[in-house]
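See structure below.
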Amino acid sequence: MIGLISDVGKRRPVNEDYADYHETDEYKLFIVADGMGGHNAGEIASKLATEIILEYIKDNWDTFKEDCILENAIKASNKKVFSVSNKDEEFKGMGTTIAACLITKSDIYVANVGDSACFMLEDHKLIKVTKDHSLVQELLDSGSITEEEASTHPRKNIITRAVGAYEEVMVDIFKLPKVMKNKYLLCSDGLLNEVTNDEIEDILNSYHNEEAAKQLVTLANEREGRDNITVLVFGGEL
């Protein structure tokens with residue numbers, strides 16, 4: 001069972017997030033993207049990047065090795081978004097974050113660009129798999145600010161990497177052992193800006209995937225819902 005909700009939130013006029021997944025006998029692929037850009041171009045970037053990644057892996061599954069196909073797919077999406085952005089003035093400067101999870105018969109590959117994130121629930125404990133590409137993360141890494149200060153930092157939404165921002169993109173890849181009982185969450189920062197990790201852990205432990213997704217989005221909107229909120233919950237029950 002899979003829980004997928006993408007919600008506009010309480011303050012934004014347009015939902016620039018996008019999420020999708022695809023399952024076959026050979027693999028399962030899950031993606032969350034959070035778009036950015038003027039004139040609502042962010043919604044174009046997030047949808048386009050997600051569709052390219054899904055299509056690339058579907059078309060090239062038998063061509064590339066499992067350990068590189070997800071990174072290749074994201075880089076292909078980067079080229080496409082960058083190309084569209086530079087051909088049309090309306091879309092100039094658009095880009096998107098990506099958090100993706102590819103589950104094969106033997107392993108799990110997680111990828112991210114930007115500050116959309118992947119979490120794993122293992123033995124009832126929440127573990128953040130990805131590391132944000134953001135200004136606040138860099139300040140944390142350097143010891144300039146604390147975790148508490150990071151949660152309310154005025155520039156917390158400034159990212160340092162995005163799909164489509166430049167002609168080339170660096171993709172972080174994390175290889176995980178396949179543990180069927182583990183549960184996974186992909187989400188945009190609209191969730192993390194409103195809901196704590198402890199609250200996420202409690203909800204993922206307390207509800208099945210579909211209901212967990214509903215509870216997470218509801219809680220984010222009950223706070224302030226300042227951004228689009230997208231959650232994709234899977235695993236454990238697969």
Side-chain angles (χ1 to χ4, degrees), residues 1-10 15 17-23 27-34 70 97-112 114-132 134 136-137 140 146-148 150-152 156 172-238:
M1 202 173 289
I2 296 166
L4 169 57
I5 299 177
S6 188
D7 189 273
V8 70
K10 296 297 185 182
N15 188 356
D17 288 359
Y18 193 80
D20 204 353
Y21 65 92
H22 181 65
E23 298 180 294
Y27 68 86
K28 297 176 174 65
L29 175 62
F30 306 88
I31 306 169
V32 164
D34 180 357
L70 182 56
T97 68
I98 288 289
C101 181
L102 175 67
I103 302 177
T104 72
K105 290 182 176 180
S106 57
D107 296 294
I108 295 176
Y109 299 91
V110 173
N112 78 301
D115 61 359
S116 290
C118 175
F119 291 85
M120 174 175 65
L121 190 71
E122 183 172 54
D123 295 327
H124 306 291
K125 298 296 183 182
L126 190 71
I127 300 167
K128 188 174 183 181
V129 177
T130 53
K131 188 173 183 178
D132 294 347
S134 67
V136 164
Q137 186 63 56
L140 272 170
T146 65
E147 289 280 358
E148 185 177 357
S151 65
T152 57
K156 67 179 299 182
D172 286 357
I173 300 288
F174 306 85
K175 184 178 179 180
L176 308 174
K178 188 173 182 180
V179 180
M180 294 305 295
K181 66 179 181 178
N182 287 354
K183 186 177 289 190
Y184 301 88
L185 165 69
L186 298 179
C187 63
S188 62
D189 69 332
L191 174 72
L192 305 178
N193 289 339
E194 310 291 358
V195 182
T196 68
N197 287 4
D198 286 344
E199 290 168 328
I200 293 172
E201 180 180 278
D202 182 59
I203 288 172
L204 292 180
N205 276 314
S206 301
Y207 300 97
H208 63 72
N209 294 348
E210 287 184 305
E211 185 60 28
K214 293 177 185 177
Q215 292 287 333
L216 289 169
V217 171
T218 297
L219 182 57
N221 276 324
E222 284 176 350
R223 297 284 163 77
E224 291 190 60
R226 290 168 288 183
D227 198 355
N228 307 144
I229 307 153
T230 298
V231 298
L232 181 49
V233 185
F234 54 95
E237 303 166 355
L238 290 177

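Quick note: residue numbers are just sequence positions, from 1. What you see is a predicted model, and the numbers here were worked out from it, not measured in a lab.
- Scanning for salt bridge (Lys or Arg N to Asp or Glu O under 4.0 Å) contacts around Glu122 gives an empty result, with sequence neighbours left out.
- Summarising the geometry of Leu216 relative to Leu185, their closest heavy-atom pair is CD1-CD1, 4.2 Å, with the distance given to 0.1 Å.
- The list of salt bridge (Lys or Arg N to Asp or Glu O under 4.0 Å) pairs with a residue in residues 191-200, not counting sequence neighbours, reads Glu194-Arg226, Glu199-Arg223.
- Remark: side-chain polar atoms of Lys183 are paired, donor with acceptor, to backbone N or O of Leu204 under 3.5 angstrom.
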**Request:** List the steps and the verdict of side chain to side chain contact (heavy atoms under 4.5 Å, CB included) for Leu29 and Tyr21.
**Result:** CA-CA 5 Å; Leu29 175 62; Tyr21 65 92; over 6 Å; no
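- With rounding to the nearest 0.5 Å, the separation of CG in Asn197 from CG in Asp202 is 12.5 Å.
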**Request:** For Asp34 and Tyr18, run side chain to side chain contact (heavy atoms under 4.5 Å, CB included): C-alpha distance rounded to whole Å, both residues' side-chain angles, the deciding distance at 0.1 Å, then the answer.
**Result:** CA-CA 6 Å; Asp34 180 357; Tyr18 193 80; over 6 Å; no
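- The 12-atom threshold is exceeded at NZ of Lys128, counting heavy atoms of other residues, nucleotides or ligands nearer than 6.0 Å.
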**Full working for side chain to side chain contact (heavy atoms under 4.5 Å, CB included) between Val195 and Ile229** = CA-CA 11 Å; Val195 182; Ile229 307 153; over 6 Å; no
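- Screening Cys187, Ser6, Ser188 for a side-chain contact (heavy atoms from CB on, under 4.5 Å) involving Val231 leaves a single residue, Cys187.
- Taking Asp115 as the reference, nothing meets the salt bridge (Lys or Arg N to Asp or Glu O under 4.0 Å) condition, with sequence neighbours excluded.
- Between the side chain of Asp123 and the main chain of Lys125, no donor-acceptor pair closer than 3.5 Å is present.
- A pairwise comparison of heavy atoms in Val179 and Tyr184 identifies O-OH, 4.2 Å as the closest pair.
- Each of Ile108, Val110, Asp107 was evaluated against Lys175; a single residue qualifies, Asp107, per the side-chain contact (heavy atoms from CB on, under 4.5 Å) test.
- Taking 4.5 Å as the limit, every side-chain heavy atom of Phe174 sits out of range of all side-chain heavy atoms of Cys118.
- Side-chain atoms of Asn209 come within 3.5 Å of backbone atoms of Met1 as a donor-acceptor pair (strictly under, hydrogens ignored).
- Counting heavy atoms from C-beta outward, Ile31 and Leu186 have side chains that stay 4.5 Å or more apart.
- Judged purely by atom type and a 3.5 angstrom limit, Asp132 has no side-chain atom pairing as donor or acceptor with the backbone of Ser134.
- Note that CD1 of Ile173 is 11.5 Å distant from OG1 of Thr130, once rounded to the nearest 0.5 Å.
- For Leu140, the side-chain contact (heavy atoms from CB on, under 4.5 Å) partners at least two apart in sequence or on another chain are Val136, Gln137, Ile145, Glu147, Ala150.
- The shortest distance between side-chain heavy atoms of Asn182 and Leu121 does not fall below 4.5 Å.
- Taking both residues in full, the closest heavy atoms of Met120 and Val129 are given as CB-CG2, 3.9 Å, listed atom of the first, atom of the second, then distance.
- Under the ring-ring contact (aromatic ring centres under 6.0 Å, His included) criterion, Phe119 pairs with no residue at all, not counting sequence neighbours.
- Between atom CD of residue Gln215 and atom CD of residue Glu210 there is a gap of 13.0 Å, rounded to the nearest 0.5 Å.
- Between Ile2 and Phe30 there is a side-chain heavy-atom pair separated by less than 4.5 Å.
- Between Tyr207 and Val233, every side-chain heavy-atom pair lies at or beyond the 4.5 Å cut-off.
- Asp172 is linked by a salt bridge (Lys or Arg N to Asp or Glu O under 4.0 Å) to Arg161, counting only residues two or more places apart in sequence or in another chain.
- Residues Asn228 and Asp7 fail the side-chain proximity criterion, which asks for heavy atoms closer than 4.5 Å.
- Listed for the Asp189 side chain is no donor-acceptor partner under 3.5 Å among the backbone atoms of Ser116.
- Rounding to the nearest 0.5 angstrom, the gap separating the CD1 atom in Ile200 from the CG atom in Leu192 is 5.0 Å.
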